[in-house]
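Right, one structure below, let's go through it.
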There are 2 protein chains.
Amino acid sequence: MELVKDMVELDKDKPGRREELLQAALDLFSENGFKGTSIRDIANSLGVSVSVIYHYFQNKEGLWSELLGYSVKALPAKLEAAMVGGGHSVERFRRLLRVHLTASNYYLKESKMFLSSHERMSVDGNKQSKEIERRILDIYVSILEELRRDGWVKTENTKILAFNVLGVINWQLRWYRPDGPLTGDQLYEEIIAFILYGAVGVPPGR
Amino acid sequence: MELVKDMVELDKDKPGRREELLQAALDLFSENGFKGTSIRDIANSLGVSVSVIYHYFQNKEGLWSELLGYSVKALPAKLEAAMVGGGHSVERFRRLLRVHLTASNYYLKESKMFLSSHERMSVDGNKQSKEIERRILDIYVSILEELRRDGWVKTENTKILAFNVLGVINWQLRWYRPDGPLTGDQLYEEIIAFILYGAVGVPPGR
DNA sequence: TTTTCACTAGAACGATCGTTCTGGTGGTTG
DNA sequence: CAACCACCAGAACGATCGTTCTAGTGAAAA
């Protein structure tokens, strides 16, 4: 059935049109947003016709949604999985932050897309985005509540605290450049240290 | 010359068309962004014709720019002014944070507009935005360097630290709701405490 | 009264948008 | 061979975009 004949040329791991389209759309969407990227922009960046896009995808929003599907939509489950392991609350909080930072930067462009979703799209697509944001927030609120029970966190406004933590994590997507002086891990430790101890604070003596 | 005749009616402080247009544009721009707001949207929200907008403003970008002109564009100077006063470095840092939070929330919608400027506009408008961001970043880097000289800040990556601080401040624009349980000042102190001491850190004993 | 002009409605223009349609490849399958 | 079908180019459609044009208003100035 599937006898591959003579494709012994240089096309060893040719991406395929569908993957090419996804990659081109990812680059443009993450840079210019949903409204700032036209179907023709995506097609022209590959030198193909617009009908090619509609052959592989239902429409513009389907293309957008598929890019978020394998990346951002899987984030809440990934964060929940990072919490089930052992260790005391501070250790687990650190692990959560590390997993979150790693995942966000692995899917850097997809995450940028997601955060630019204020330019709202269809009703359903917006509802899905809000649901993801809510699940992530709940994860942080629960671990911060735990930290408060253990005496690490002082404030009772754990929800505000969770927003602040998410602010740091999400904001780095806007300024992170892979060609910076620090490696990814060094950067993550720097950010985690800020989230735990702030700009001038010191670790509590325990 | 300017004898006001008999406008003794209820129109004591009638905003005037120009101010009405600015307010309507502010509401829509801050909610849906630049590309997500059409000239007709703004005109329709007041029940007037589109030509009214072009009578008072040069074009869509001029309207956008004017909204940022009296608010965000004045922010760097306001922050610099907050730094010139006396006090040791931590006090001045706290004052900077308070002024920044107060100004951002006073011009909440304008600040939201500014942060959604990733959907870039004209070349010149984008250059102006980048310049504002750079000036604000420089202010934070300089005070953090000062804090480092005084021994409060441990890390040498003050620029990354500045990004993290700005992340917290700017992120709260996305989730702050005036009808929340906390007053503005309570919220600011909560945010400032996080920036200084983090989620679990304690103030250094000095 | 006549003239002027700030102000406004509404039509219109050209460009671009997302999407669909038509037609034609070239290769696989019967 | 003929039939089929995944794949693609390009035209086309209707909607909407920012902007401009035309033609009034009505009140103040002359």
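Protein chains get the first letters and strands the later ones, always in sequence-line order, with residue 1 at the start of each.
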**Fill in**
In whole angstroms, the gap separating C1' of D:dA9 from OH of A:Y54 amounts to 16 Å
**Salt bridge present between B:E190 and A:K159 (N-O < 4.0 angstrom)** = no
**Request:** Scan A:S38 against the nucleic acid and name what it touches under 4.0 Å (heavy atoms): base, sugar-phosphate only, or nothing.
**Result:** sugar-phosphate
**Item:** Contact nearer the 5' end of DNA chain D, comparing A:G47 with A:R40
**Value:** A:G47
**Prompt:** Salt bridge between A:K73 and A:E131, side-chain N to carboxylate O under 4.0 Å?
**Reply:** no
**Complete:** Side-chain atoms of A:V48 come closest, of D:dA9, D:dT19, C:dT19, to D:dA9
**Message:** Of the options D:dA6, C:dT20, D:dT19, whose atoms approach the side-chain atoms of B:K60 most closely?
**Reply:** D:dT19
**Message:** Here's a test for you: under ring pair (Phe, Tyr, Trp, His ring centres under 6.0 Å), which of B:F114, B:F57, B:F34 qualifies with B:W64?
**Reply:** B:F34
**Asked** Under the 3.5 Å rule, do the base of C:dT8 and the side chain of B:R17 count as making a donor-acceptor pair?
**Response** no
**Prompt:** Which of the following nucleotides, C:dA9, C:dT20, C:dA11, is nearest to the side chain of B:V52?
**Reply:** C:dA9
**Asked** Counting just side-chain N and O atoms, does A:H55 come under 4.0 Å of either OP1 or OP2 of D:dC7?
**Response** yes
**Message:** Can you measure B:E61 atom CD to D:dG18 atom C1' for me and round it to whole angstrom units?
**Reply:** 12 Å
**Prompt:** When the distance from CG of B:L21 to P of C:dC7 is rounded to whole Å, what number comes out?
**Reply:** 11 Å
**Message:** Can you measure A:K35 atom NZ to D:dC17 atom P for me and round it to whole angstrom units?
**Reply:** 10 Å
**Request:** Would you mind reading off the distance between B:I53 atom CD1 and C:dT8 atom P, rounded to a whole angstrom?
**Result:** 11 Å
**Request:** Counting heavy atoms from C-beta on, name the nucleotide in D:dA9, C:dG18, C:dC7 closest to the side chain of B:Y56.
**Result:** C:dC7
**Separation of C:dT19 C1' from A:I39 CD1 (nearest whole Å)** = 9 Å
**Asked** In whole angstroms, how far is the C1' atom of C:dC7 from the CZ atom of B:F57?
**Response** 14 Å
**Message:** Measure CG/A:N44 against P/D:dA9 and give the value in whole Å, please.
**Reply:** 11 Å
**Message:** We want to know whether B:T158 and B:E145 form a side-chain donor-acceptor pair, criterion being a heavy-atom distance below 3.5 angstrom.
**Reply:** yes
**Asked** Between C:dA9, C:dC21, C:dT19, which one does the side chain of B:S51 approach most closely?
**Response** C:dA9
**Message:** I'd like to know whether NZ of B:K78 has more than 12 heavy-atom contacts from other residues, nucleotides or ligands below 6.0 angstrom.
**Reply:** yes
